Amino acid sequence: MQALFKLMSANEYEKISVKDIVEKAGVGRATFYRYFKSKEDVLIYYLEHNAKKFIFSQRFFPRCKDDHIKTVTSVLTMFKENIEPFKLMRRAHLEYIYLDYLNKNFAATFENDYPNESKYAPYLYAGMVFNVTMAWLDNGCKETIENLAQIIVNAIYSE
């Protein structure tokens with residue numbers, strides 16, 4: 001992961017080869033392919049490996065608006081604390097990997113924890129988180145986390 005992100009910070013993603021990654025990481029090609037099928041798999045692994053920092057790492061059942069705000073605040077805080085990989089993915093036009101990750105995990109969370117919700121609900125939430133975080137990233141994360149969390153929750157929360 002670190003080798004790929006270092007290479008991405010200095011080079012265009014399309015021009016980075018598996019050979020470049022393994023040389024930078026100091027491992028053999030066989031080791032790379034034992035764990036990954038492609039460069040994209042490294043980025044997917046980054047998201048999954050860091051899931052403890054993401055919303056999907058723990059089961060949390062918000063009971064009120066303040067609980068929702070705390071949850072969204074923690075997601076936005078994680079995003080901002082890990083901003084560099086997201087900037088690199090965005091620059092390489094690989095943000096769809098992040099969206100796929102959100103879709104997959106929101107769908108699994110809703111299936112397990114909110115089985116009576118609409119089958120489209122997880123994609124609504126995933127899309128909102130994705131679009132808001134990407135717009136926030138593009139704007140240099142200028143909006144405060146607290147204000148942004150309030151905006152998001154106000155858009156979805158009905159009392």
Side-chain angles (χ1 to χ4, degrees), residues 1-60 62 68 70-114 117 119-145 148-149 151-152 156:
M1 287 184 315
Q2 292 173 356
L4 178 57
F5 285 129
K6 285 179 183 178
L7 289 165
M8 287 175 70
S9 67
N11 305 287
E12 290 181 36
Y13 177 79
E14 300 81 29
K15 294 182 179 178
I16 300 169
S17 68
V18 170
K19 180 181 180 212
D20 297 330
I21 297 168
V22 298
E23 285 177 2
K24 185 77 166 174
V27 299
R29 288 176 71 89
T31 301
F32 178 90
Y33 286 113
R34 184 176 308 132
Y35 297 100
F36 308 108
K37 294 177 186 172
S38 67
K39 297 183 299 186
E40 286 181 1
D41 284 350
V42 177
L43 300 173
I44 294 166
Y45 177 79
Y46 167 77
L47 293 170
E48 291 174 353
H49 179 72
N50 289 297
K52 292 179 185 127
K53 299 174 189 174
F54 294 88
I55 190 171
F56 309 106
S57 63
Q58 52 187 296
R59 295 291 178 236
F60 178 70
H68 285 279
K70 286 177 187 174
T71 301
V72 173
T73 297
S74 70
V75 170
L76 295 172
T77 300
M78 173 285 313
F79 184 88
K80 193 168 185 178
E81 288 173 351
N82 295 277
I83 199 74
E84 289 308 313
F86 289 103
K87 283 181 180 178
L88 293 170
M89 282 190 266
R90 183 77 160 168
R91 189 177 79 193
H93 306 290
L94 297 169
E95 56 270 64
Y96 69 88
I97 293 172
Y98 172 50
L99 178 58
D100 289 348
Y101 171 83
L102 291 172
N103 280 328
K104 174 183 159 190
N105 285 284
F106 268 103
T109 297
F110 272 69
E111 185 178 316
N112 292 330
D113 298 342
Y114 306 102
E117 285 286 332
K119 66 180 180 178
Y120 300 107
Y123 304 103
L124 173 70
Y125 286 92
M128 182 174 51
V129 169
F130 173 77
N131 284 304
V132 169
T133 54
M134 289 293 103
W136 190 42
L137 175 69
D138 292 344
N139 193 36
C141 297
K142 291 178 186 170
E143 185 80 33
T144 67
I145 290 171
L148 197 55
I151 291 167
I152 291 170
I156 61 170

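The model shown is predicted, which means the values in this text are computed figures rather than measured ones.
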Which atom pair, heavy atoms only, marks the closest approach of [X] to [Y]?
X	Y	value
Asn139	Lys142	O-CG, 3.1 Å
Arg91	Asn11	NH2-O, 3.6 Å
Lys87	Leu137	CG-CD1, 3.5 Å
Ala149	Leu76	N-CD1, 3.7 Å
Ile145	Lys80	CD1-CD, 4.2 Å
Leu88	Met8	O-CE, 3.5 Å

Across all chains, not counting sequence neighbours, the side-chain hydrogen bond (donor to acceptor under 3.5 Å, both in side chains) partners of Tyr96 are Glu40

Note, Ile44 side chain near Tyr101 side chain (heavy atom, < 4.5 Å)
no

Are Asp41 and Ser38 packed together at the side-chain level, in the sense that at least one heavy-atom pair is separated by less than 4.5 angstrom?
yes

If you draw a 6.0 Å radius around CD in Gln2, do more than 12 non-hydrogen atoms from other residues or ligands fall strictly inside?
no

Phe86 ring center near Tyr98 ring center (under 6.0 Å)
yes

Take Phe110 and Asn105 through the side chain to side chain contact (heavy atoms under 4.5 Å, CB included) test and state the conclusion after the steps.
CA-CA 8 Å; Phe110 272 69; Asn105 285 284; over 6 Å; no

Between Ile152, Leu102, Asn103, Ile156, which is the residue that forms a side-chain contact (heavy atoms from CB on, under 4.5 Å) with Tyr125?
Ile156

Given the rule in the side chain to side chain contact (heavy atoms under 4.5 Å, CB included) test, do Phe5 and Glu84 qualify, once you have shown the distances and angles that lead to the verdict?
CA-CA 9 Å; Phe5 285 129; Glu84 289 308 313; over 6 Å; no

Evaluate the side chain to side chain contact (heavy atoms under 4.5 Å, CB included) criterion for residues Tyr46 and Asn82: first the C-alpha distance (whole Å), next the side-chain angles of each, then the deciding distance (0.1 Å), finally the verdict.
CA-CA 11 Å; Tyr46 167 77; Asn82 295 277; 3.4 Å; yes

Quick one: do Lys104 and Glu48 make a salt bridge, cutoff under 4.0 Å?
yes

Looking at Asp20 and Lys15, is there a salt bridge between them, counting it only when a charged N and a carboxylate O are closer than 4.0 Å?
no

State the [atom1]-[atom2] distance between [X] and [Y], to the nearest 0.5 angstrom.
X	Y	atom1	atom2	result
Ile97	Lys39	CD1	NZ	10.0 Å
Tyr45	Phe36	OH	CZ	6.5 Å
Met128	Ile151	CE	CD1	11.5 Å
Asp138	Arg90	CG	CZ	4.0 Å

Could you pull out all donor-acceptor pairs under 3.5 Å where a side-chain atom in residues 21-35 meets a protein atom, sequence neighbours excluded?
none

Mind checking what makes salt bridge (Lys or Arg N to Asp or Glu O under 4.0 Å) contact with Glu111, not counting sequence neighbours?
none

